[in-house]
Participant: 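Dropping the structure in here first, questions after.
Each chain gets a letter, A, B and so on, in the order its sequence line appears, and its residues count up from 1. Given the structure is predicted, the values throughout are model-derived calculations rather than measurements. Every heavy atom of this structure was used, including side-chain atoms; hydrogens, water molecules and symmetry mates were not.
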There are 4 protein chains.
Amino acid sequence: MSKGPNAARRNESSRQAILAATEDLCRENGYGRLTIEAIAARAGVGKTTIYRWWPSKGAVVLELLDQAATLASAPPDTGDLAADLRTLLTEVIGILTPVHTSPATGLIAEALQDPDLAHDLREHLIEPRIAAFKQRLRRAQDAGQLSADADLDVALDLLYGPLYHRMALHLGMPDPGHLDSLVAHVLRALTPPHPAGVRERRRKSQTGVS
Amino acid sequence: MSKGPNAARRNESSRQAILAATEDLCRENGYGRLTIEAIAARAGVGKTTIYRWWPSKGAVVLELLDQAATLASAPPDTGDLAADLRTLLTEVIGILTPVHTSPATGLIAEALQDPDLAHDLREHLIEPRIAAFKQRLRRAQDAGQLSADADLDVALDLLYGPLYHRMALHLGMPDPGHLDSLVAHVLRALTPPHPAGVRERRRKSQTGVS
Amino acid sequence: MSKGPNAARRNESSRQAILAATEDLCRENGYGRLTIEAIAARAGVGKTTIYRWWPSKGAVVLELLDQAATLASAPPDTGDLAADLRTLLTEVIGILTPVHTSPATGLIAEALQDPDLAHDLREHLIEPRIAAFKQRLRRAQDAGQLSADADLDVALDLLYGPLYHRMALHLGMPDPGHLDSLVAHVLRALTPPHPAGVRERRRKSQTGVS
Amino acid sequence: MSKGPNAARRNESSRQAILAATEDLCRENGYGRLTIEAIAARAGVGKTTIYRWWPSKGAVVLELLDQAATLASAPPDTGDLAADLRTLLTEVIGILTPVHTSPATGLIAEALQDPDLAHDLREHLIEPRIAAFKQRLRRAQDAGQLSADADLDVALDLLYGPLYHRMALHLGMPDPGHLDSLVAHVLRALTPPHPAGVRERRRKSQTGVS
DNA sequence: TTGTAAGCGAGACGGTACGTCCGGTCTTCCG
DNA sequence: CGGAAGACCGGACGTACCGTCTCGCTTACAA
């Protein structure tokens, strides 16, 4: 991201002004009404300067989110797996809310139509977070809180899926109670019954499924 | 949708031409490059005629999808719950694929920025399907294939969530094996361990699933 | 000029507003600082409307001059050839003054770099005037005020040439005395020495001139 | 022209490269499409270097012409006045041709909109030539080839005027025959009929001319 | 002989205007 | 009188150059 012509000579204060203006305008009018012209005007910057370093408004917003994100990137680990998952999910809910004005939502919408942007989005924002999420789950597996053969991709789908489902279909984000319930259900699906005899049989049926 | 000035006097052949042109152009260039002007030109219709009956290009596409959807709307019920769920999910996967050119995906992207369109989208395409889905699950509860107190909203989230998650983040739709696994996990999550007698019946239905 | 897409549907009031704005802005800032954007803004018109009907700002200014010119197009004929010529030249001096802000001068400058504009300029503004000029001279020949074999192209060059010479080289337009002298010299050059009797008549008419 | 900050330290090879690039680009694309950026790029020079020494692209072109001109500056004097005038005019015709790509024409066009440039143009290129021209005419007067009271400004107008007239109005430069005729007419206009004795001498010199 | 100040290449920067595209409204005329 | 045709105003697009402004670097004069 932003590795244009000659990054050495780049004017950092312009870069900051552009990102700040982008954030302001996005919050004010929503991503959809965001305009390169308006960003340039608000930031007191020539349009050229934006086009020199970013290929589209989506890329600007992506860098904005990227910068904000790196501030809080380490995955939480309190020892309480369910609580940590709720923390991770709550963070994402915050990012996706309110649906119609959140920069992240707008970015996702644009990326749905723009493969290049989609690629950058996945590379810069999403994959690192998925990695952190899986890392936390793997630690849980090591601690025996999750069955050793649990499918982490399934876990990813089941835990984050509901948020994007609700975002996409405008169903409203889950309230804390719902979230609790979702996490509990998913953990149950990933941790077979404990009593010795039962656990054995369960493991067998899983083998048949997967 | 399309309840303009005086629907009685409406020219049906123009309507069809517009929808057909919309579909063609969407497939050719993707939803993002779709333009009211291009639709009008391709359909041999004045722009006025489009604006008279639809408020935005999203609404046109919505009607297009609506029309296509009503052809296959009745929820399947073969008695095999897992299979029926896989059928429902597979249909949605088809609609959302390929991500960057599917009209449905484009529509979802636009609705993320346009509350009015989001409302119509939910009302016309989504809620009926959710209702059908829940109806199917309720029938499963009645048949004892699902615990009587299973939370159907959670089921909805867990089953459809992964699809929208993957769409939004460009992770690729689940292949049949993954889908299988997802459905199996979710059904397991919805049939929690119970006192012995109950557990026996449940185990029977699981057998049917796997 | 201005025979675009479908001249029938053209909005005449927009056309007038554009020409009026063009004239104002040209007088205010000079032709060089004239801008299509400014014209559109001042006229309360979309840029598209200008580009639809004119290929360049030069073409707009040309139409402006054309419209102004047709109001006073008939060549003067008072019977006094020298006076009529001075009238014609004075009119052109007026059009070319002040050099740096006159729309006509700007147009000539632009046409020097733009062959298309040059063609339209010659066709619409210049050739009709040349024709009128030659017509007047021919009438003078018929009246015996000019030798029958005088070369009218030479006359054209010698009479109008000085004005463009001075415009091009920023030498200042001739004052009335100079103009007088120029006309006198040229008329003398066009009435070469002849057998005595003839020369007498000529000298008389020359006296009238000087 | 080009008397910047500290002319002593000036890099002469850059100066030459700039002038050369200017000439090339002007011939290739015409003065109108000439750009400071393009000159700098072609010359392998920073834009700053151009702006340091010249105030505008017009000034660069002016210096270019100036340099070319000084190579052939002395006014011809073969004793044959008419021939010498034809030589002078022919040289100017060469400079102004072809109208749409000649650097001189472009410069004149630009100067019509830019008083500063006009001033430099007159000072550096035009006035010296006018002086030379008048000097030649004065020598002709001294030799009795021209009447002693002939108005040299009128002569200037009548001889050079046609060229600029034709340039400005895109009428095509005079061919040799025309040129001949023009010079002959003008010389005749400058040697008016006089008392018999004088007239005889004059007529003789005219014979030599025409 | 070594600063130090200039000229220089490179090119980022804030701007202005370009000419195009499309959105949404309004008008005209045809069937 | 509905609809095709399309002109219209407006606003944003992405591009081209403008003229100014740092950057390091070389280069030549002065201490």
Side-chain angles (χ1 to χ4, degrees), chain A residues 4-15 17 33-41 43-53 55-57, chain B residues 4-6 8-11 13-14 17 33-41 43-53 55-57, chain C residues 4-11 13-15 17 33-41 43-53 55-57, chain D residues 4-15 17 33-41 43-53 55-57:
Chain A
N6 186 343
R9 293 196 184 282
R10 183 160 185 188
N11 182 337
E12 177 62 17
S13 75
S14 287
R15 186 178 151 271
R33 304 197 194 293
L34 190 61
T35 272
I36 299 265
E37 295 222 328
I39 295 172
V45 139
K47 281 199 285 176
T48 319
T49 301
I50 300 181
Y51 284 112
R52 179 154 33 230
W53 301 109
S56 66
K57 76 168 178 173
Chain B
N6 185 343
R9 294 189 184 255
R10 182 161 185 188
N11 181 336
S13 74
S14 287
R33 305 198 192 293
L34 189 61
T35 273
I36 297 265
E37 297 220 333
I39 295 172
V45 138
K47 282 201 286 178
T48 320
T49 304
I50 299 180
Y51 283 111
R52 187 166 10 244
W53 300 107
S56 66
K57 78 166 175 175
Chain C
N6 186 342
R9 294 194 183 281
R10 183 161 187 187
N11 182 337
S13 74
S14 287
R15 184 177 154 273
R33 304 196 192 295
L34 190 59
T35 271
I36 298 266
E37 295 221 330
I39 296 173
V45 140
K47 281 199 286 177
T48 319
T49 302
I50 299 180
Y51 284 112
R52 181 156 29 233
W53 301 108
S56 66
K57 77 166 177 174
Chain D
N6 185 343
R9 289 183 183 251
R10 183 162 187 186
N11 182 336
E12 177 62 18
S13 75
S14 288
R15 184 177 155 274
R33 303 196 194 294
L34 189 61
T35 273
I36 298 266
E37 297 222 330
I39 295 172
V45 137
K47 282 199 287 176
T48 319
T49 303
I50 300 180
Y51 284 112
R52 183 162 18 240
W53 301 108
S56 66
K57 76 166 178 175

Participant: For F:dC9, does OP1 or OP2 lie under 4.0 Å from any side-chain N or O of C:Thr49?
Facilitator: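 Affirmative; the distance criterion is met.
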
Participant: Taking CD1 from C:Ile50 and C1' from E:dC18, how many angstroms apart are they, rounded to a whole number?
Facilitator: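 From C:Ile50 CD1 to E:dC18 C1': 13 Å.
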
Participant: Write down the distance between CD1 (D:Ile39) and P (F:dG19), rounded to a whole number of angstrom.
Facilitator: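 That distance rounds to 11 Å.
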
Participant: Just the rounded figure in Å: distance from P of E:dA6 to CD of D:Glu12.
Facilitator: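 Rounded to the whole Å, the gap is 21 Å.
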
Participant: Are side-chain heavy atoms of A:Arg10 and A:Trp53 found at a separation under 4.5 Å?
Facilitator: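 A side-chain contact under 4.5 Å exists here.
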
Participant: State which residues pass salt bridge (Lys or Arg N to Asp or Glu O under 4.0 Å) with C:Lys57; sequence neighbours excluded, sorted by chain then number.
Facilitator: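 If we apply the salt bridge (Lys or Arg N to Asp or Glu O under 4.0 Å) test to C:Lys57, skipping adjacent residues, there are no hits.
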
Participant: List the residues meeting side-chain contact (heavy atoms from CB on, under 4.5 Å) with A:Ser14, not counting sequence neighbours, and say none if there are none.
Facilitator: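 side-chain contact (heavy atoms from CB on, under 4.5 Å) list for A:Ser14, sorted by chain: A:Asn11, A:Val45.
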
Participant: Tell me the bend of the helix from E:dG3-F:dC29 to E:dG31-F:dC1 as the angle between end helix axes, each from five pairs, rounded to the nearest 10 degrees.
Facilitator: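 Terminal axis comparison yields 10°.
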
Participant: So B:Thr49 and B:Arg52, do their side chains get closer than 4.5 Å, heavy atoms only?
Facilitator: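 The answer is yes, as the side chains (C-beta and beyond) meet within the 4.5 Å cut-off.
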
Participant: What one-letter contact string describes nucleotides 21-31 of chain E from 5' to 3', where B marks a base within less than 4.0 Å of any protein heavy atom, S marks contact via sugar-phosphate atoms alone, and - marks no contact?
Facilitator: BBBBBB-B---

Participant: In whole Å, I'd like the distance from the CZ atom of D:Arg52 to the C1' atom of F:dT22.
Facilitator: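 Rounded to whole Å, this separation is 13 Å.
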
Participant: Go through the structure and list residues passing side-chain contact (heavy atoms from CB on, under 4.5 Å) with C:Arg9, not counting sequence neighbours.
Facilitator: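 If we apply the side-chain contact (heavy atoms from CB on, under 4.5 Å) test to C:Arg9, skipping adjacent residues, the hits are C:Asn6.
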
Participant: Residues two or more places apart in sequence or in another chain: which of them pass side-chain contact (heavy atoms from CB on, under 4.5 Å) with B:Ala17?
Facilitator: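 Testing B:Ala17 for side-chain contact (heavy atoms from CB on, under 4.5 Å), a comparison that skips the adjacent residues, returns B:Ala43.
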
Participant: Give the minimum heavy-atom separation between D:Ala40 and D:Gly46, together with the two atoms involved.
Facilitator: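 Taking D:Ala40 first and D:Gly46 second, the nearest heavy atoms are CB-C, 4.2 Å.
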
Participant: So, is D:Trp53 close to the E:dG7 phosphate, meaning a side-chain N or O under 4.0 Å from OP1 or OP2?
Facilitator: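 For D:Trp53, the contact criterion (side-chain N or O under 4.0 Å from OP1 or OP2 of E:dG7) is not met.
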
Participant: Please tell me which of B:Val45 and C:Ala43 maps to the more 5' nucleotide of DNA chain F, matching each residue to the nucleotide holding its nearest heavy atom.
Facilitator: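 Its nearest nucleotide lies further toward 5', so the answer is B:Val45.
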
Participant: Restricting to side-chain contact (heavy atoms from CB on, under 4.5 Å), what partner residues turn up for C:Thr35, sequence neighbours left out?
Facilitator: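 Scan of C:Thr35 (side-chain contact (heavy atoms from CB on, under 4.5 Å), adjacent residues dropped) gives C:Glu37, C:Ala38.
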
